[in-house]
2 protein chains.
Amino acid sequence: MTAVDPLRPVERRSAEARALEALRDAIVSGGLAQGSRITEIDLSNRLDVSRATVRSALHTLAAEGLVIQTPYAGWAVLSLGPDDVWELLTLRASLEGLAGRLAAERHADSERPRLEAAMDDLRAACMNGTPDEVAEADFRLHETIVALAGHGRLSEHYRRLRTQVRLHINAGDALVFDKSEIIGQHEPIVRAVLARDAALAGSLSEQHNLTEGQLLLDRVEADFAMSGA
Amino acid sequence: MTAVDPLRPVERRSAEARALEALRDAIVSGGLAQGSRITEIDLSNRLDVSRATVRSALHTLAAEGLVIQTPYAGWAVLSLGPDDVWELLTLRASLEGLAGRLAAERHADSERPRLEAAMDDLRAACMNGTPDEVAEADFRLHETIVALAGHGRLSEHYRRLRTQVRLHINAGDALVFDKSEIIGQHEPIVRAVLARDAALAGSLSEQHNLTEGQLLLDRVEADFAMSGA
DNA sequence: TGGCTGTATATTGTCGACAATATACGACGT
DNA sequence: ACGTCGTATATTGTCGACAATATACAGCCA
């Protein structure tokens, strides 16, 4: 018999950890605009924490590549241009390729329903969802594959990358792909992982990025040229 | 005519940057032992800087995975076991594979002598050098290839990885490979890059890690079992 | 008008002190 | 002897103030 405990666990996170998350979210969501200069004093006031707390978070974010530090002069939010987008795509292809291969080789049977559910979610999003929901479900599917690889460092490198990809997507540059195309590209990946076909899972995982990516990159470069940046 | 300026540029780096480098070097070299607990107060005293300076460096090192933070209780130096070594090797293979491919596709002609020189250095180290010198020259060759890829994020992810690989090598677990084997594995990579054969460069770059890696991993697991860890 | 110099200002870097938290240790009860 | 509770201690987390540095701006001179 499971009694519902009226008392909830008290959140136990330092102000540093909370500031770090709030800043990361604000950057990724565009609340702190790409390329904008940010100051410790301003953030300290807005977050209602000490400047030391903000500094701590900013150092971590700098190590994640989300902010750029100019010693003694300020910090700036990462700004992504076409070169950056190309880098994100190529690196993402490589890491997702490795994840696909390892997930196929190593996933536990108990994790198959999780992967199937993520694929179902993507299908549902393609049927009924907004472009944001599709992108989110797409991302969650890949995160699941990365998790099934059981490789902590790969997960960490992927998380780093994913944050920047999200930044890019949230900046409004994401292409809206044909939804049947999205399903058509992802289902074979999932099938290969479940079939434990490592070579196929790896190569499909890598290749689908390069296909979508080229379209996206063409678009980003065109936008960049038009904006005169 | 180049006049020799008797005045040298004054080093302009914050204490934070210097502490970060000193700590990273101490960790990678084993001066701060793997798995050991470290405290801000101790490091602050030993480095003769404020604790805030040490904190800043530790946060960055934590984001790099070289130290593990336990809030309010302390910090510990990363300790690498067989699972970690496997992760480093597989990820290294993937990133070096991407680097090889991109270096083949994208290197500037002006950079070819640099790659050739790195290969020459490796040959020289294999002829006359200590195992450490061989490992160092091997690493430098790969760093050169990564640099020739012209992909900042790849370089950054690789640098992260490399630091941990160095930590592992410096812990004394590095296998000493047959030197002609080392040359035999690296020359075809360099040739493929210079020939701009992206597929071959990528696949050789990736594969050579997996070959050497398996031997190393077998050895690490045997050592681990013997030490009862 | 443009370039150079000196000063002011804004912000980060660093400091030492106080607050928060985890862990160790001793005392007590069963 | 073991488990629980309370206190002490060690260390990190956070604070506000002072120091260091980059940048902006004003004044002066050619």
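Every chain is numbered from 1, with letters handed out A, B, ... down the list of sequences.
- Between A/H157 and B/H157, the distance separating the two ring centers is shorter than 6.0 angstrom.
- In this structure, B/R37 reaches the sugar-phosphate backbone alone: every heavy-atom distance under 4.0 Å involves primed, P, OP1 or OP2 atoms, never a base.
- The interatomic distance linking A/R55 (CZ) with C/dT12 (P) rounds to 8 Å, in whole Å.
- More than 12 heavy atoms of other residues, nucleotides or ligands lie within 6.0 Å of CZ in B/R112, so this atom counts as buried by the packing criterion.
- For A/I68 and C/dT12, the CD1 to P distance is 15 Å, given to the nearest whole Å.
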Go through B/Y158 and B/E143 one step at a time and tell me if the side chain to side chain donor-acceptor pair (under 3.5 Å) criterion holds. CA-CA 8 Å; B/Y158 188 71; B/E143 283 170 353; over 6 Å; no
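- The side chain of A/A15 approaches D/dT14 more closely than any other nucleotide in the set D/dG13, D/dT14, C/dT12.
- D/dT12 atom P lies 21 Å from atom CZ of A/R13, rounded to whole Å.
- Under the 30°/60° scheme for interplanar angles, the aromatic rings of A/W86 and B/H151 are found to be tilted.
- Heavy atoms of other residues, nucleotides or ligands lying less than 6.0 angstrom from CZ of A/R159 number more than 12.
- The distance between atom CG of A/N45 and atom P of C/dA10, rounded to the nearest whole Å, is 14 Å.
- Between A/I41 atom CD1 and C/dT9 atom C1' there is a gap of 11 Å when expressed in whole angstrom units.
- We find that CH2 of A/W75 is positioned 15 Å from P of C/dT11, with the value rounded to whole Å.
- For A/L47 and D/dG13, the CG to C1' distance is 16 Å, given to the nearest whole Å.
- For A/Y72, whose side chain is taken as the heavy atoms from C-beta onward, the closest listed nucleotide among D/dA22, D/dT11, D/dT14 is D/dA22.
- Taking only distance into account, the side chain of A/R51 meets the base of C/dG13 through a donor-acceptor pair shorter than 3.5 Å.
- If you check every strand for non-hydrogen atoms under 4.0 Å, B/A73 touches sugar and phosphate atoms only.
- Between A/L58 atom CG and C/dG13 atom C1' the separation is 13 Å, expressed in whole Å.
- Across all strands, B/I38 comes closer than 4.0 Å only to sugar-phosphate atoms, never to a base (heavy-atom distances).
- Nearest to the side-chain atoms of B/E40 among the listed nucleotides D/dT12, C/dT14, C/dG13 stands D/dT12.
- Annotation: of the two residues near DNA chain D, B/T70 and A/A52, the 5′-most nearest-nucleotide partner is B/T70.
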